[in-house]
Amino acid sequence: MSKRPDMQTALAAAQGCLGFAVRRSARAMAQYYDAALAPAGIKGTQFALLNAVFLLERPGMQSLAEALGMDRTTLTRNLRPLETQALLVLQAGTDRRERHVVLTAEGLATLTAAQRLWEQAHGRLVHGLGADRSRRLLDELRDLTALAKDV
């Protein structure tokens with residue numbers, strides 16, 4: 001066993017690691033969407049959460065966590081600021097352990113404002129890449145995500 005890291009492997013990891021490239025891109029995208037959505041008073045991750053709650057219509061915690069690809073602990077942590085801002089509430093379900101996430105009137109208004117900002121920001125990216133490249137990129141990212149989950 002070598003006492004020093006291998007230079008070729010270090011260079012390959014620095015230049016071609018899919019994980020690092022995706023994380024770097026994710027950080028840039030998070031900053032981009034956070035700046036674009038700032039006038040609505042939310043961040044990109046909060047937009048995704050509000051949008052998912054709206055689409056799923058009163059989802060339970062588990063189904064919302066699955067839809068967003070996060071564990072329930074992370075979801076609970078991400079819901080807290082939105083509850084504090086009165087953008088959503090947690091309502092008891094038929095089972096005492098079950099809770100549903102519901103947008104408030106303020107949450108719906110915030111989502112409406114944020115959707116317009118998102119459309120502009122998203123449109124700039126799609127225009128820059130082109131519609132075909134944008135679709136291919138989404139397909140490739142879905143495939144990469146599925147491969148990583150299968151391991």
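Considering every non-hydrogen atom in both Pro39 and Ala35, the closest pair reads CD-O, 3.8 Å. For the residue pair Trp118 and Leu37, the shortest heavy atom distance occurs at N-CD2, 3.9 Å. Nearest approach of Cys17 to Ala13, heavy atoms of both residues: CB-O, 3.0 Å. Nearest heavy atoms, Arg72 versus Ala65: CG-CB, 4.1 Å.
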| task | With side-chain hydrogen bond (donor to acceptor under 3.5 Å, both in side chains) as the test, would you mind laying out the steps for Glu119 and Gln115 before giving the verdict? | result | CA-CA 6 Å; Glu119 284 176 325; Gln115 282 179 335; over 6 Å; no
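Using a distance-only test at 3.5 Å, with no hydrogens or angles considered, a donor-acceptor pair links the side chain of Asn78 to the main chain of Thr74. With hydrogens and angles ignored, the 3.5 Å screen pairs no side-chain donor or acceptor of Asp34 with any backbone N or O of Lys43.
Cluster membership check: Met29 shares its hydrophobic cluster with Phe47, using side-chain heavy-atom separations under 4.5 Å among Ile, Leu, Val, Met, Phe, Trp and Tyr. The hydrophobic clustering, which links ILVMFWY residues whose side-chain heavy atoms are closer than 4.5 Å, places Val89 and Leu108 apart. Phe54 and Val102 fall into different hydrophobic clusters, where Ile, Leu, Val, Met, Phe, Trp and Tyr residues are linked whenever their side-chain heavy atoms come under 4.5 Å apart, directly or through other members. Linking ILVMFWY side-chain heavy atoms closer than 4.5 Å, directly or via other members, places Leu82 and Met70 in a single hydrophobic cluster. No path of Ile, Leu, Val, Met, Phe, Trp and Tyr side chains, each step under 4.5 Å between heavy atoms, connects Leu68 with Val22, placing them in separate hydrophobic clusters.
Not counting sequence neighbours, the partners of Gln120 by the side-chain contact (heavy atoms from CB on, under 4.5 Å) test are Leu117, Arg124. Listed by chain and residue number, Leu87, Thr104, Thr110 satisfy the side-chain contact (heavy atoms from CB on, under 4.5 Å) test with Glu106 (two or more places apart in sequence, or in another chain).
Between Asp139 and Arg136, no side-chain nitrogen of the basic residue sits less than 4.0 Å from a carboxylate oxygen of the acidic one, so the salt-bridge criterion is not met.
Atom CZ of Arg23 is separated from atom CG of Leu18 by 12.0 Å, given to the nearest 0.5 angstrom. Glu140 CD to Thr145 OG1: the interatomic distance, rounded to the nearest 0.5 Å, is 11.0 Å. The line from CG of Asp132 to CG of Leu137 is 12.5 Å long, rounded to the nearest 0.5 Å. Residue Gln46 holds its CD atom at 12.0 Å from CG of Leu111, rounded to the nearest 0.5 Å. Distance check, rounded to the nearest 0.5 Å: CG of Leu79 to OG1 of Thr84 gives 10.5 Å. Atoms CG and CE, from Leu11 and Met7 in turn, are 6.0 Å apart once rounded to the nearest 0.5 Å.
His100 places none of its side-chain heavy atoms less than 4.5 Å from the side chain of Leu64.
Within 6.0 Å of the CZ atom in Arg58, the count of heavy atoms belonging to other residues, nucleotides or ligands exceeds 12. More than 12 heavy atoms of other shown residues, nucleotides or ligands fall within 6.0 angstrom of atom OH in Tyr32.
Applying the 4.5 Å side-chain rule to ILVMFWY residues, one finds that Leu138 remains a lone member of its cluster.
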